[in-house]
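Below is one structure, written out as structure tokens, with a few remarks after it.
In this text, all values refer to a predicted model and were calculated from it rather than measured experimentally.
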Amino acid sequence: MAKGSAPGGGNGGRRPAKIRTPLQALIYWGAVSFVWIGIFAIAFIGVMAIDLPDTSQLYKVNRQPSITYLDRSGALIATRGTQFAPPVDIDSLPTYVPLAFVAIEDRRFFTHPGFDPIGISRAALRDVFHRKGGNLAGGSTITQQLAKNLFLSDNQNMKRKVQELMLAIWLEHKFTKKQILALYLNRVYFGAGAYGIDSAAQRYFNKSAKDLSVGEAAMLAGLMKAPNSYSPLSDKERAAKRATVVLNEMLDAKVITQDQYTDALSHPINVSKSLATAHAQYFIDWLDSNIRALVGEPKEDLIVETTLDLPIQTDAERAVQTIMERDAKRGPQQAALVSVDGEGRIRAMIGGVSYADSQFNRATNAYRQTGSSFKPFVYLTAMEAGYTPETPVVDEPFTIGSWSPQNFEKEYLGLINLQTALEQSINTVAARLANDVGRDRVAATGHRLGLMSKINTDPAMALGTSEMSPIEMAQAYIPFSNGGFKATAHGIIRIRTADGKVLYQYRDPSQDGGRVQVINNPPLMEMNQMLRGVVQRGTGVGANVPGYDIAGKTGTTSDFRDAWFDGFTGGFVTVVWTGRDDNTPMKKVTGGQTPAAIWHMYMSSALHRIQVSPIPEGPTNASALSAPAEDALKDLLGTQANNPAASAAANASGSAPAPNVTVQPGTSPAEAQPPANENKSNDNKPKDTKSLDDVFSQAQQSHQQ
């Protein structure tokens, strides 16, 4: 043995280190990694859970109150803000309704634990290979969507997705699949302000969710991908294609039979007419801005009963769209229309040719020169000063200061009377008349009748150089139509809560001391005589509606920038304006052309729906009405026009209730017709052969097997 060597080798007697086998090393380091992964996972979950929402608020709904607008007969016009219907019992639904959502949104809903690993993996691959921005791809289950809708924001980030996953697992542990699906259907957003399946069914199809057909259920399920993009209100063709995709998935998942599939494709899906009436949105926008001023900030759902008449509104839409398309080559690009009755109730309003293209309301917010439609205020001032329609005047060149008015035709008629001058809209006569009676007095007359904007008093004021909105022109023409009484144009009858508590009731501010008479006789009788002549023989013949007592006045501004027709029959006024938003000239469009054509087409239909009387001549003397005289006038206003067509067509109480008209996708509101039997139940709603409980039971048994 060598010197200095210790027994047992040269390591000082220590045992050699034990070398692990590859398997042992794998197990060891796997265990260490598992521990550390567990530590990090717990820490990660803890961090993610720090600001998880309070799940005790599961059944609490936080939302802004909705405002529902009804027309004068109670038909739905629109709902602004969010709207929740009472929760629907999922057992009351046909099985194909909830299963349509399962088929298109979460095919493995009955088998996954709240999240779908296959779906998540597929979404992750899309993110890796096709992602262009910061949003994560889908892959969420119905349970995850419910977790997001109940507790989380729409932010697409990693933290929100992890929290969504955690909450989905909690929901699966807390509730049954049936309860989760019921919660989902009652809380998900369907677009158009509707939350929940029953609210959506009412909003889109004017029926309860339990009455949905297979096609309607497919369309609602198709909205889940993008409620606004696939809405039948914004893109009927796209919505129909999406519904077909859902139907294919329903057939593939055996939710429906081949016969049900074929039947659904063969029956068009009808969308509620009231929602498809896009132009009424101008009217709703106008009211919406005033609601809070009237009742304060809403704390509960409100119902606003309006003056609008949907059937008449549809007539107005048809006329504007048809005539504006016909005359497009002549340059008019926009139009506005306002109809008011003798009490100032707005029955129709259009603020532009297309609400989708422009939400600017030209009926209330566009102030344009009125042209010769202002002349009735000049002539009324003259009648009140002692002139008559037979008063002789001379149409000839003349000058006021440095200004010389010119006639439209650049011709002069010589000796005529005021009747002819107004019928032919002679500028020289109107300008001289305003100068003679006093331009300040003319301005006062306009304001007395209802004009609210400033009226300039320069020499050209008689030719309509002041700027007015269509709604105030309609308001100022009301006294000509209703016997000489002032009325304020308004759109709200009352505002109430859903349980019937009245928060606001309209009261005309001009009637606090009784009806205000602003035109007496003989001036009222003389003015209506002359304005009838405008329609019968003058510049407004294009607006005449045979068989009705029509009066009105055309208006055309310099360089053809604005064209108006302001007309009325007994107790009903309609003002039409056409022009261009940039105030550039049209191609010689006058008030007697495009506006008069719109007026004629619209009123030819609308007058069959409303009760009209002969244009009243007003009280029999210049003093205030006595009680018997006022009663007699009310009787006169309540009679129908003295012609067989009007008597046969007029409806009681001013208007017949609006029919529950529906519009098929691809059909304009103007083409809509009432259904053959509006109370008839859905004929193509298939009968269910098994209950929803059977479906859940079979799904669970299949999963266990």
Problem - Check: T244 side chain, A240 main-chain N or O, donor-acceptor pair, under 3.5 Å - result: yes

Problem - Side chains of I197 and L212 in contact at under 4.5 Å (non-hydrogen atoms) - result: yes

Exercise for the section: For the residue pair M468 and R368, establish whether any side-chain heavy-atom pair is separated by less than 4.5 Å. Expected result: no

Practice task
Check the angle between the aromatic planes of Y195 and Y189 and answer parallel, tilted or perpendicular using the 30° and 60° thresholds.
Solution key: tilted

Practice task
Flag the pair E216 / Y204 as yes when at least one side-chain heavy-atom distance between them is below 4.5 Å, and no otherwise.
Solution key: no

Problem - D301 side-chain N/O to S66 backbone N/O, donor-acceptor pair under 3.5 Å - result: yes

Exercise for the section: Only one of L287, L70, I346, I493 passes side chain to side chain contact (heavy atoms under 4.5 Å, CB included) with T306; say which it is. Expected result: L287

Exercise for the section: State which residues pass ring-ring contact (aromatic ring centres under 6.0 Å, His included) with H600; sequence neighbours excluded, sorted by chain then number. Expected result: none

Handout entry: V576 side chain near T574 side chain, heavy-atom distance below 4.5 Å
Key = yes

Fill in the blank from the handout: Residue set satisfying side chain to side chain contact (heavy atoms under 4.5 Å, CB included) with E300, at least two apart, ordered chain then number -> T497

Exercise for the section: Could you please spell out the steps behind the salt bridge (Lys or Arg N to Asp or Glu O under 4.0 Å) verdict for R345 and D341? Expected result: CA-CA 5 Å; R345 295 178 289 247; D341 63 21; 2.7 Å; yes

Practice task
Indicate whether any N or O donor in one side chain lies under 3.5 Å from an N or O acceptor in the other, for E472 and S453.
Solution key: yes

Practice task
If the plane angle is over 60° it's perpendicular, under 30° parallel, otherwise tilted; pick one for F480 and Y477.
Solution key: perpendicular

Handout entry: Closest non-hydrogen atom pair between G215 and I269, with its separation
Key = O-CD1, 3.4 Å

Handout entry: Evaluation steps, side chain to side chain contact (heavy atoms under 4.5 Å, CB included), between S481 and V573
Key = CA-CA 7 Å; S481 77; V573 175; 3.5 Å; yes

Handout entry: Minimal non-hydrogen separation, L294 against Y504, with atom names
Key = CD2-CE1, 3.9 Å

Exercise for the section: Answer yes or no: is there a donor N or O on one side and an acceptor on the other, between the side chain of T322 and the main chain of A319, under 3.5 Å? Expected result: no

Completion exercise
Contacts of A226 meeting side chain to side chain contact (heavy atoms under 4.5 Å, CB included) (sequence neighbours excluded), chain-then-number -> S229, Y230

Problem - D285 and Y355 side chains, donor-acceptor separation under 3.5 Å - result: yes

Practice task
Just do the side chain to side chain contact (heavy atoms under 4.5 Å, CB included) check on I610 and F572 with the steps written out, would you?
Solution key: CA-CA 9 Å; I610 60 176; F572 198 84; 3.5 Å; yes

Practice task
Determine yes or no for a side-chain-to-main-chain donor-acceptor pair under 3.5 angstrom, with W564 supplying the side chain and P595 the backbone.
Solution key: no

Problem - Any side-chain heavy-atom pair of F109 and T141 under 4.5 Å - result: no

Problem - Partner set under salt bridge (Lys or Arg N to Asp or Glu O under 4.0 Å) for R494, not counting sequence neighbours - result: E305

Practice task
To the nearest 0.5 angstrom, please state how far the OH atom of Y69 sits from the CG atom of L76.
Solution key: 12.0 Å

Fill in the blank from the handout: For Q145, the side chain to side chain contact (heavy atoms under 4.5 Å, CB included) test, sequence neighbours excluded, returns E105, S140, Y184

Practice task
Under the salt bridge (Lys or Arg N to Asp or Glu O under 4.0 Å) rule, collect the residues that match up with D106, sequence neighbours excluded.
Solution key: none

Fill in the blank from the handout: To the nearest 0.5 Å, atom CZ of R496 lies from atom CD of Q505 at 11.5 Å

Exercise for the section: Without swapping roles, check the side chain of Q179 against the backbone of T176 for a donor-acceptor pair under 3.5 Å. Expected result: yes

Exercise for the section: Scan residues 352-366 for pairs that pass salt bridge (Lys or Arg N to Asp or Glu O under 4.0 Å), counting only residues two or more places apart or in two chains. Expected result: R362-D581

Problem - Expected output: side-chain D566 to main-chain V575 donor-acceptor under 3.5 Å - result: no

Practice task
Could you pull out the closest heavy-atom pair between A335 and V353, with the gap in Å?
Solution key: N-CG2, 3.9 Å

Practice task
Of all the heavy-atom pairs spanning S208 and D198, show the shortest one and how long it is.
Solution key: OG-OD1, 3.3 Å

Handout entry: Contacts of type side chain to side chain contact (heavy atoms under 4.5 Å, CB included), residue A363, not counting sequence neighbours
Key = A336, V338, M349, N361

Handout entry: Salt bridge D315-R609, side-chain N to carboxylate O under 4.0 Å
Key = yes

Exercise for the section: Kindly compute the distance separating NZ (K501) from CG (L302), expressed to the nearest 0.5 Å. Expected result: 11.0 Å

Problem - Side-chain touch R347/L308, heavy atoms, less than 4.5 angstrom - result: no

Problem - Separation between CD1 of I350 and CD of Q281, rounded to the nearest 0.5 Å - result: 12.5 Å

Problem - Check: Y548 and V545 side chains under 4.5 Å, non-hydrogen atoms - result: yes

Handout entry: Gap between atom CD1 of I256 and atom CG of L247 - 0.5 Å precision
Key = 5.5 Å

Practice task
I would like to know whether K178 and D91 meet salt bridge (Lys or Arg N to Asp or Glu O under 4.0 Å); could you show each step before the answer?
Solution key: CA-CA 10 Å; K178 182 177 179 181; D91 288 321; 2.8 Å; yes

Handout entry: With sequence neighbours excluded, residues passing salt bridge (Lys or Arg N to Asp or Glu O under 4.0 Å) with R242
Key = none

Practice task
Say whether, by atom type as modelled, one donor and one acceptor occur between the side chain of E249 and the main chain of I104 under 3.5 angstrom.
Solution key: no

Handout entry: Minimum heavy-atom distance between A489 and Q475, given as atom pair plus value
Key = N-OE1, 2.9 Å

Problem - Partner set under ring-ring contact (aromatic ring centres under 6.0 Å, His included) for F568, not counting sequence neighbours - result: none

Problem - Exam field: side chain S92 to backbone D89, donor-acceptor pair closer than 3.5 Å - result: yes

Handout entry: Spacing of CD belonging to Q321 relative to CD1 belonging to I598, to within rounding of 0.5 Å
Key = 10.5 Å

Practice task
Could you tell me which residues satisfy side chain to side chain donor-acceptor pair (under 3.5 Å) with Y602, sequence neighbours excluded, listed by chain and number?
Solution key: S339

Practice task
Name all residues meeting the salt bridge (Lys or Arg N to Asp or Glu O under 4.0 Å) criterion together with K225; count only those two or more places apart in sequence or in a different chain, and write none if there are none.
Solution key: none

Handout entry: Note, Y96 side chain near V214 side chain (heavy atom, < 4.5 Å)
Key = yes

Exercise for the section: Go through the steps to decide whether V88 and L185 satisfy the test side chain to side chain contact (heavy atoms under 4.5 Å, CB included), and finish with yes or no. Expected result: CA-CA 8 Å; V88 65; L185 291 175; 5.5 Å; no

Exercise for the section: Can you see which heavy atom on A100 is nearest to which on V246, and at what distance? Expected result: O-CG1, 4.2 Å

Practice task
Output, in order, the C-alpha distance, side-chain angles, deciding distance and verdict of side chain to side chain contact (heavy atoms under 4.5 Å, CB included) for I312 and M603.
Solution key: CA-CA 9 Å; I312 294 176; M603 293 294 283; over 6 Å; no

